[in-house]
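Structure, as structure tokens:
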Amino acid sequence: MFEHVKEYAGDPILGLKDKFVADTKADKVNLGVGVYYDEDGKLPVLECVQTAEQRIANPISPRPYLPMAGFAGHRKGCQELLFGKDAQVLQEGRVATIATIGGSGALRVGAEFIHEWFPQSKCYVSDPTWGNHIAIFEHSDVEVGKYPYYDKATNSVKFDEMVSFLQTLNKHDVVLLHPCCHNPTGMDLSKEQWDKVLEVIQKHELIPFMDIAYQGFGEDMESDVYAIRKAVDMGLTLFVSNSFSKNLSLYGERVGGLSVVCPTAKEADIVFGQLTFTARRIYSSPPSHGGRIVDIVMNDEKLHEQWVGEVYAMRDRIKAMRLKLKSVLEAKVPNRDFDYLTRQNGMFSFTGLTPEQVERLQTEFGVYMISNSRMCVAGLNVNNIDYVANAMAEVLKEDA
Ligand code: LMR
């Protein structure tokens, strides 16, 4: 019956965890998946989330089906975070938002919508991008292309090439962008560069699809959505997928949102209906627990403020790890430039290690990063950073 079914090679990010768990080395360190661990190497439960959980548990309430679009408070939370509490575009009713199963669910529903209503459109992703971007769009039968983004030689964005390439795209092609904390490189566009990219998008009538999974981990909550708000100010029509996995540390709850900014409130209503229909055809309606937490934390002023502080504490710890790693590596491998470590934002650093060096780190030292050389800086802490830096120095030295 299943002889024709092909074997699944496994996921380069999520599959690495199994290898890590099976590794018996005492000093092993997981810098693979994009997950924030605290100073003790533990996955935190944010205090604002703990308060929300207590409210949910007392009293324990019945669990009806949610609306296909999820809780209204979850949707409002996404909208205000992305577009601003008093944003005109929200008052005008021009944003169609549904709660989704994580950021991945938002991408999937968005990709299905593009496939159905813009069947001629191709989707262009940065080279490189998060591998699942390509898989999700292709699985929805949207053809995927790549635009130039990262220059390994200089550890910076190939900005001129990127802009020239975007100018060659066809009307209504989709451009998938990371508003902050680019995954996997950590290298973001400056505000001036965003202005230029959006100008090209407007001129060529392209559709921006902004995927934001790390709001608050870059500069701050507001600066990290600069590109989204600028696009709205310019009157662009755009898609935004957002995730609460990282900034609420709710990975397993799968909470996110998909927002489509439309030219008119009438179109937003119609788009909203189609988004709910798409959700209905894939998973019917979202689960309630994570959505309830989002609703409580985002819509309670005090908890929201506490949450922002907790996100900034995570952001600052990651930045401190970047500085520390840079200084240790500079001392150990003086002939190599590690400046990129502090120029990158968010959880990730593209280290420029070869696949062989990444493999050696794994087999000899039990230090796990993605084979494309992406390291999750949020997995470093004061107890493991010297060990990781030593291991990196070893594999880099032999190569020098
Ligand atoms: C990552 O990039 O490591 C995370 O977004 C987790 C994932 O699903 O790949």
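Order of listing sets the numbers, starting from 1, for every ligand and every atom in it.
Atom 9 (O) of ligand 1 has its closest protein heavy atom at Trp130 NE1, 2.9 Å.
At least one donor-acceptor pair closer than 3.5 Å links the side chain of Asn299 to the backbone N or O of Gly73. For Ser373 (side chain) and Gly352 (main-chain N/O), a donor-acceptor pair under 3.5 Å exists by modelled atom type.
Every atom of ligand 1 is numbered from 1 in the order shown, and the set under 4.0 Å from a heavy atom of Lys246 is 4 (C), 5 (O), 6 (C). Counting atoms of ligand 1 from 1 in the listed order, those under 4.0 Å from a heavy atom of Val33 are 3 (O), 6 (C).
The residue Lys17 has no part lying near ligand 1, judged by heavy-atom distances below 4.0 Å.
Considering backbone and side-chain N/O of Ile13, none are found under 3.5 Å from N/O of ligand 1.
With distances taken over non-hydrogen atoms, the option nearest atom 3 (O) of ligand 1 out of Pro12, Gly103, Gly34 is Gly34.
Both tests do not hold together for Arg343 against Tyr340: distance to the six-membered ring centre under 6.0 Å, angle to the ring axis within 45°. Taking the ring centre of Tyr251 as origin, the terminal cationic atom of Lys246 falls outside the region bounded by 6.0 Å and 45° from the ring axis.
At least one heavy atom of Asn183 sits less than 4.0 Å from an atom of ligand 1.
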Tell me which donor-acceptor pairs under 3.5 Å the side chains of residues 46-53 have, and how far apart each pair is, sequence neighbours excluded?
unit_1 : atom_1 : unit_2 : atom_2 : d
Gln50  : NE2    : Val45  : O      : 3.0
Thr51  : OG1    : Glu47  : O      : 3.2
Glu53  : OE1    : His289 : NE2    : 2.8
Glu53  : OE2    : His289 : NE2    : 3.3

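A salt bridge is absent between Glu199 and Lys203: the closest approach of a Lys/Arg side-chain nitrogen to an acidic carboxylate oxygen does not fall below 4.0 angstrom.
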